[in-house]
Amino acid sequence: MLLIDLARTSAAVAADSARLAKIRHLAELLSRVAPDEAEIAVAYLSGELPQRQIGVGWRTLQDLPEPRQIASATLTHVDDLLSRIKAQAGPGSQAARKDLVEELFRAVTRQEQSFLLRLLGGELRQGALNGVMIEAVAKAAGTPAAEVRRALMLRGWLPAVGAAALTGGVEALRSFRLEVGRPVSPMLAQSAPNVKAALDRLGGEAVALEWKLDGVRVQAHRSGPEVKVFTRTLDDITAQVPELVEAVLALPVDDIVLDGEVIALRADGRPEPFQVTASRVSSKIDTATLRETTPLSVFFFDALRVGGQDLLELPDSERHAALVRAVPEELLTPRLVTADPEEGMAFFADVLRRGHEGVVVKSPGTLYAAGRRGAGWVKVKPRHTLDLVVLAAEWGHGRREGKLSNLHLGARDPESGDFVMLGKTFKGLTDELLTWQTERFLALADGPSDEWVVRVRPEIVVEVAFDGVQRSPRYPGGMALRFARVLRYRPDKRPEDADTVDSVRELLF
DNA sequence: TTCCGACAGTGGGGTCGCAAT
DNA sequence: ATTGCGACCCCACTATCGGAA
């Protein structure tokens, strides 16, 4: 199959806003693809590469050569080139990758270039990724979507599942099973503003509340003496977390898959800031020294397999019972089962007093919905707010093209009378607000603006919600807001009424 | 007919390893 | 030694479609 076929399909998918139409376009193409190119086609059309990462980003994709006129590149040819790009390493590799990228772009037409640019840039922008592709694969293969979804849960990689469905049908899909040593996409949680809302959403019956730790999600697999540890995106971090490996090897069960969180704790048991845990987990050099200075603790909260038995399709209460049988108390995430909102709120308050992030509320009947934001898990975190001043705004991309989108936020410095930038946000803005702020900020434009950033006179006050303040090596005040989002503009407030850097600093430890 | 769950899109700060400067 | 890039850790929120109620 030719790349141009995919580029045309992608364009058709982007042109139709209806999901069912997108599915039709994708399924039509998938039904024509040869078995040996099925995985590539599913990957490309859902925004993935069979190679996963190839070391090419936005910078390498600048200044590309002119396209050719006649489309002739096959999927196999493109795939070979991408593999060669990924294989580059060592001195001279950046230039070599760039050369190969240019070779690739010289070999394709303008429409194919546009498709590849979005694919390699990681922003397909056709309104279809995994969710729509699951339906398209099911339609093209003539199998129920539920079978595709189930196989994806166990395999974690849609191109492989899609290729299996297209070539082997429902039988091939049913042959996927949980395999110890191969990661499953972890189940994710929805969020609620407070414990009461979370309980209401879960139907007001008895629920389990668990500590939400601000660390790194891990999935630990053990088969006999072999242990592997994976992150949320299924990357293997076994070598970076020896403490966890040892803890799993010490368990009395030797065929097990566990879900949990690793976190760096201080000597007094309180959590280190997220930055410390993240740094420790991503450091690959000299782990032996790091585990002395910054030891990691692990807390498990779910079990996907214990003693050779798969638990994914059992309710939370049964999975947790199996977890408790296999894992000693000190490795378990603290948990309370209750139907009483008062008790739940007290538990939440206690978690916060201990310095942790919040709670996850779980319905006892919930099955493990791998890779999905299941309705049975609801996280609750406290929220801070500040009144800040807009210092500048950046032009948006994609559906925000032509709108000023990303806001630069500043707190008042009472000493100098100036404003200290604390970060940016683009979240929480409705289309109406985007239109309004674009007009308003252009009228307030002031000072040196460039292609992307419009500086404005510091006159607009905006109420911003955020999760916390962290140390920043980037911003002048040495601190930045975590997960800032707009709540509302405050036309009733003047810049002099905005919160000060001192009040922000109080939230930093 | 209305409601709501799931999805895609639009980006945020911080840190690492590696290659280039 | 420092800088730039790619990748990945954490992530919130809105608009939209289409099936559920």
Side-chain angles (χ1 to χ4, degrees), chain A residues 14 16-23 46-47 52-62 88-98 120-135 149 188-191 201 213-218 231-235 237 240 261-263 273-285 357 369 372-375 379 381 383 394 396-401 403 405-409 422-434 464-475 479-487:
Chain A
D16 264 315
S17 69
R19 279 211 292 270
L20 294 176
K22 291 177 192 288
I23 291 165
S46 55
R52 285 189 181 252
Q53 300 82 230
I54 59 169
V56 169
W58 65 275
R59 194 66 183 80
T60 316
L61 295 170
Q62 301 203 327
Q88 301 303 314
S93 61
Q94 278 184 20
R97 270 200 298 274
K98 177 78 181 171
L120 299 184
E123 295 172 324
L124 207 49
R125 287 181 175 153
Q126 61 179 16
L129 293 170
N130 269 10
V132 173
M133 181 56 88
I134 286 169
E135 304 286 338
R149 235 176 243 116
L188 307 174
Q190 301 186 346
S191 38
R201 194 178 313 170
L213 302 167
D214 194 8
V216 171
R217 182 82 175 266
V218 286
T231 65
R232 207 167 84 94
T233 48
L234 315 188
D235 288 283
I237 54 163
Q240 287 113 281
E261 190 94 357
V262 282
I263 184 169
F274 172 72
Q275 284 153 304
V276 173
T277 296
S279 167
R280 167 60 216 275
V281 169
S282 56
S283 294
K284 294 176 178 163
I285 297 168
E357 195 181 16
R372 317 192 70 184
R373 211 164 273 290
K379 60 183 166 183
K381 297 188 283 184
R383 192 188 74 172
E394 297 178 12
H397 300 81
R399 73 183 302 282
R400 293 191 177 188
E401 180 108 47
K403 299 280 171 58
S405 171
N406 201 1
L407 307 176
H408 294 200
L409 304 166
L422 292 173
K424 309 179 189 179
T425 186
F426 57 91
K427 295 171 185 161
L429 298 164
T430 60
D431 287 357
E432 192 183 3
L433 222 40
L434 285 164
V464 167
F466 59 99
D467 276 23
V469 181
Q470 54 191 356
R471 291 193 192 286
S472 170
R474 176 186 320 206
Y475 288 108
M479 51 190 183
L481 304 183
R482 193 157 177 225
F483 310 141
R485 59 268 191 190
V486 169
L487 289 181

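Looking at heavy-atom distances under 4.0 Å, A:Ala480 makes contact with sugar-phosphate atoms alone, never a base. Residue-level contact check: A:Ile54 touches the backbone only, with heavy atoms under 4.0 Å from sugar-phosphate atoms and none from bases. Within the 4.0 angstrom heavy-atom criterion, no nucleotide atom of any strand lies near A:Thr425. Nucleic acid contact for A:Gln126: sugar-phosphate only, since backbone atoms but no base atoms lie under 4.0 Å from a heavy atom of the residue.
Put simply, CD on A:Gln240 and CG on A:Asp235 are 9.5 Å apart, with the number rounded to the nearest 0.5 Å. Going from atom CZ of A:Arg372 over to atom CD of A:Gln190 covers 11.0 Å, rounded to the nearest 0.5 Å. The CZ atom of A:Arg232 lies 5.0 Å from the CG atom of A:Leu188; values are rounded to the nearest 0.5 Å. For the atom pair A:Thr425 OG1 and A:Phe466 CZ, the distance stands at 12.0 Å (nearest 0.5 Å).
The nearest whole Å value for the distance from the CD atom in A:Gln240 to the P atom in B:dT15 is 17 Å. In this structure, the CZ atom of A:Arg59 is 17 Å from the C1' atom of C:dA7, given to the nearest Å. One atom, CZ of A:Arg280, and another, P of B:dC16, lie 12 Å apart when rounded to the nearest Å. Following rounding to the nearest Å, A:Glu135 (CD) and C:dG19 (C1') show an atom-to-atom distance of 11 Å. Spacing between atom CZ of A:Arg97 and atom P of C:dG6 amounts to 8 Å, rounded to whole angstrom units. Rounded to an integer number of Å, the gap from NZ of A:Lys403 to P of B:dT10 is 12 Å. Separating the CZ atom of A:Arg149 from the C1' atom of B:dA6 is a distance of 9 Å, rounded to the nearest angstrom. In this entry the distance linking CG of A:Leu234 with C1' of C:dA7 reads 15 Å, nearest Å.
Among the nucleotides B:dA8, B:dG14, B:dG12, the one closest to the side chain of A:Leu129 is B:dA8. For A:Arg399, counting side-chain heavy atoms from C-beta on, the closest listed nucleotide (C:dT16, C:dG19, B:dG14) is C:dT16. Looking at the side chain of A:Gln94, the nearest of the listed nucleotides B:dG5, B:dA8, B:dA19 is B:dA19. With distances taken from any side-chain atom of A:Pro473 to the nucleotides B:dG14, C:dC17, B:dG12, the minimum falls on B:dG14. Comparing atom distances between the A:Arg125 side chain and each of B:dT10, B:dC16, B:dG13 picks out B:dT10 as nearest. When the nucleotides B:dA20, B:dA6, C:dA7 are ranked by their closest atom to the side chain of A:Gln190, B:dA6 comes out on top. Nearest to the side-chain atoms of A:Pro91 among the listed nucleotides B:dA20, B:dA8, B:dG13 stands B:dA20.
Checked options A:Arg400, A:Lys427, A:Glu394; the residue passing with A:Asn406 is A:Glu394 (criterion: side-chain contact (heavy atoms from CB on, under 4.5 Å)).
Both A:Ser283 and A:Arg19 lie close to DNA chain B; mapped to their nearest nucleotides by heavy-atom distance, the more 5′-ward contact belongs to A:Arg19. With the nearest nucleotide of DNA chain B identified for both A:Ser93 and A:Gly398, A:Gly398 has the one nearer the 5' end. Judged by closest nucleotide on DNA chain C, A:Asp235 is the one of A:Ala21 and A:Asp235 placed further toward the 5' end. Comparing A:Ser17 and A:Val56 along DNA chain C, the residue whose closest nucleotide (by nearest heavy atom) sits nearer the 5' end is A:Val56.
In this structure, B:dG13 and C:dC9 make a Watson-Crick or G-U wobble pair, each of the two defining distances being under 3.5 angstrom.
OP1 or OP2 of B:dG11 has at least one side-chain nitrogen or oxygen of A:His397 nearer than 4.0 Å. Look at A:Gln53 and you won't find any side-chain N or O under 4.0 angstrom from OP1 or OP2 of C:dA7. Of the side-chain N and O atoms in A:Thr60, one or more sit less than 4.0 angstrom from OP1 or OP2 of C:dG6. Put simply, A:Trp58 has no side-chain N or O that comes within less than 4.0 Å of OP1 or OP2 on C:dC5. Checking the phosphate oxygens (OP1, OP2) of B:dG13, a side-chain nitrogen or oxygen of A:Arg474 falls inside 4.0 Å. For A:Asn406 and B:dG12, the shortest distance from a side-chain N or O to OP1 or OP2 is below 4.0 Å. Neither OP1 nor OP2 of C:dC9 sits under 4.0 Å from any side-chain N or O of A:Ser279. Contact check, A:Arg372 against B:dG5: no side-chain N or O comes under 4.0 Å of OP1 or OP2.
Atom CD of A:Glu432 is surrounded by 12 or fewer heavy atoms from other residues, nucleotides or ligands within 6.0 Å. At most 12 non-hydrogen atoms from other residues, nucleotides or ligands lie less than 6.0 angstrom from CZ of A:Arg383.
Taking 4.5 Å as the limit, every side-chain heavy atom of A:Leu433 sits out of range of all side-chain heavy atoms of A:Lys403. Side-chain contact between A:Val216 and A:Thr277 is present, with at least one heavy-atom pair separated by less than 4.5 Å. At a threshold of 4.5 Å between non-hydrogen side-chain atoms, the residues A:Glu261 and A:Glu357 do not count as touching.
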Hey, what are the protein-to-nucleotides 10-14 of chain C N/O distances that come in under 3.5 Å?
{"from": "C:dC10", "atom 1": "OP1", "to": "A:Arg217", "atom 2": "N", "distance (Å)": "2.8"}
{"from": "C:dC11", "atom 1": "OP1", "to": "A:Lys212", "atom 2": "NZ", "distance (Å)": "2.8"}
{"from": "C:dA12", "atom 1": "OP1", "to": "A:Lys381", "atom 2": "NZ", "distance (Å)": "3.1"}
{"from": "C:dA12", "atom 1": "OP2", "to": "A:Lys379", "atom 2": "NZ", "distance (Å)": "3.2"}
{"from": "C:dA12", "atom 1": "O3'", "to": "A:Arg485", "atom 2": "NE", "distance (Å)": "2.9"}
{"from": "C:dC13", "atom 1": "OP1", "to": "A:Arg485", "atom 2": "NE", "distance (Å)": "2.7"}

